[in-house]
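Reviewing the structure listed below.
The figures that follow rest on heavy atoms only: side chains count, while hydrogens, waters and symmetry mates do not. Quick note on labels: first sequence line is chain A, next is B, and so on, each numbered from 1.
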Protein chains: 2
Amino acid sequence: MVRRGSYAKGVAKRQEILRAALDVVAREGYRGASVRQIADAVGLSQAGLLHYFDSKEELFTEILRTRDQVDQAAFEPPPSTSPSIARLIDGYLRTVRHNAEVPGLVQLFSRLAVDGADPQHPAHRYFVERGTALRSASGEVVAQAQREGIVTDAVPAETICRMLQAISDGMQLQWMLEPETDMAEVVRALFLVLAPGAVDAGEAGDAAS
Amino acid sequence: MVRRGSYAKGVAKRQEILRAALDVVAREGYRGASVRQIADAVGLSQAGLLHYFDSKEELFTEILRTRDQVDQAAFEPPPSTSPSIARLIDGYLRTVRHNAEVPGLVQLFSRLAVDGADPQHPAHRYFVERGTALRSASGEVVAQAQREGIVTDAVPAETICRMLQAISDGMQLQWMLEPETDMAEVVRALFLVLAPGAVDAGEAGDAAS
DNA sequence: GTCTATATGTTGATAGAC
DNA sequence: GTCTATCAACATATAGAC
């Protein structure tokens, strides 16, 4: 990710901008937000902001990347711990529940997921890589759980991973449309069907965090 | 759907426009298509086209409504036949497979699904009503199948319907990103897990139509 | 009903001063 | 590095002729 003028200070400032933009979008929502709005929010002029990013599309893609980093640090177990299906389920549900508190990021994500279908769009790479990484990481865990008889082996592990991803993304659409919808409940239901024994009983409903 | 100036001829023309627009979008794709592009494609000027629709957003929403009508006529069983889980599964899979042949409509649907989150957007009503109708129709069938022991009763019927909807929508995102993805296979996998006995063995893979 | 022409607005992006 | 000022490129929507 080496860019023109990526000296230490520039990189730091860039990160600072992204963090601020992340907060703004999460709090105030993304509704076809313009570069100008983000610029105002982070305390720069529009031109000043675009000094750090090649285009609007790249800016918003980077916001998503930053979100992933932040969430990963918050919700994924440290790499030292051994992966397990229980941890995977827990991480998934925690992430989904967290998403329900940052509607703007869900909007941004969903919007770019559509725009990023275009191979020319900067978000294209992001979504392809993200999907691959997501499914490869969870694929291992699921396959292992299948061998242990915890997860159904009626369908391949890769398919299960796609199901998980699809249901998460799809529930976001339903939730944006009707915010009273409980995304986590439906995701949890899928786990319940795939791995009846592995879903924590205490995970039901909107468990106290 | 009574509109200003909805005389018979105007309504007919409107329908004609929508059918044409539907074909155009399905064939040439939706990539932030403008009113002008649609107008050119259906042989009208931009102003001429907007004579029949209040706004761009309404036009595109109506294109989706027309799509639903067309698909419903093509893929849903006649109302005389008794609903059954087998028919539901078959209809779902046929629809998903068909979608893979009209990328433009999938793009349009997904795009409006995001934009329509805004209650002010004309597509909002469409998506709310569509979701409600979809889940209410399939909810009955699923609940009945649960009573017959064909579908798992580990989760409520309504939740199962949301899962189906979410996985269909979510797989569209994955497929738009990577068109080699087999949407139907994953949807079918969900049915397989929910109702092992009810999925037609011959339905595997890309069955000959 | 349909056109041409245009009003009006917004956007992302750029040039150049400081 | 950051600003002000400005640009060109669209978009949708409307007014008015025919």
With sequence neighbours left out, what residues match [X] under side chain to side chain donor-acceptor pair (under 3.5 Å)?
{"X": "B/Gln46", "result": "none"}
{"X": "B/Thr181", "result": "none"}
{"X": "B/Gln107", "result": "none"}

Check residues 111-122 of chain A and write down every donor-acceptor pair under 3.5 Å in which the side-chain atom is one partner and the other belongs to a residue at least two apart or another chain.
from, atom 1, to, atom 2, distance (Å)
A/Arg111, NE, A/Asp115, OD2, 3.1
A/Asp118, OD1, A/Gln120, N, 2.8
A/His121, ND1, A/Ala123, N, 2.9

All pairs passing side chain to side chain donor-acceptor pair (under 3.5 Å) where residues 24-35 of chain B contributes a residue, at least two apart |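 Checked against side chain to side chain donor-acceptor pair (under 3.5 Å) - neighbours excluded - no pair reaches residues 24-35 of chain B.
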
Tell me: [atom1] of [X] to [atom2] of [N], nearest whole Å?
{"X": "B/Glu58", "N": "D/dT12", "atom1": "CD", "atom2": "C1'", "result": "14 Å"}
{"X": "B/Asp40", "N": "C/dT4", "atom1": "CG", "atom2": "P", "result": "11 Å"}
{"X": "B/Phe53", "N": "D/dA13", "atom1": "CZ", "atom2": "P", "result": "13 Å"}
{"X": "B/Arg31", "N": "D/dA11", "atom1": "CZ", "atom2": "C1'", "result": "18 Å"}

Mind listing the residues from residues 107-117 of chain B sitting with a heavy atom below 4.0 Å of DNA chain C? Number order is fine.
->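 Listed by number, there are none.
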
Using a strict 4.0 Å threshold on nitrogen-to-oxygen distance, state whether A/Glu62 and A/Lys56 make a salt bridge.
->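 No.
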
Protein heavy-atom contacts under 4.0 Å, written 5' to 3' over nucleotides 9-16 of chain C as B (base), S (sugar-phosphate only) or - (none), form the string --SBBBB-

Applying ring-ring contact (aromatic ring centres under 6.0 Å, His included), which residue pairs with at least one partner in residues 68-96 of chain A are found, sequence neighbours left out?
->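 For residues 68-96 of chain A, and leaving out neighbouring residues, the ring-ring contact (aromatic ring centres under 6.0 Å, His included) pairs sorted by first residue read A/Phe75-A/His98, A/Tyr92-A/Phe191.
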
Using distance only, find each side-chain donor-acceptor pair of residues 134-146 of chain A under 3.5 Å and give its atom names and separation, not counting sequence neighbours.
from, atom 1, to, atom 2, distance (Å)
A/Arg135, NH1, A/Gln165, OE1, 2.9
A/Ser138, OG, A/Leu134, O, 2.8
A/Gln144, OE1, A/Arg147, NE, 3.3
A/Gln144, OE1, A/Arg147, NH2, 2.9
A/Gln144, NE2, A/Glu148, OE2, 2.8
A/Gln146, NE2, A/Thr152, O, 2.9
A/Gln146, NE2, A/Val155, O, 2.9

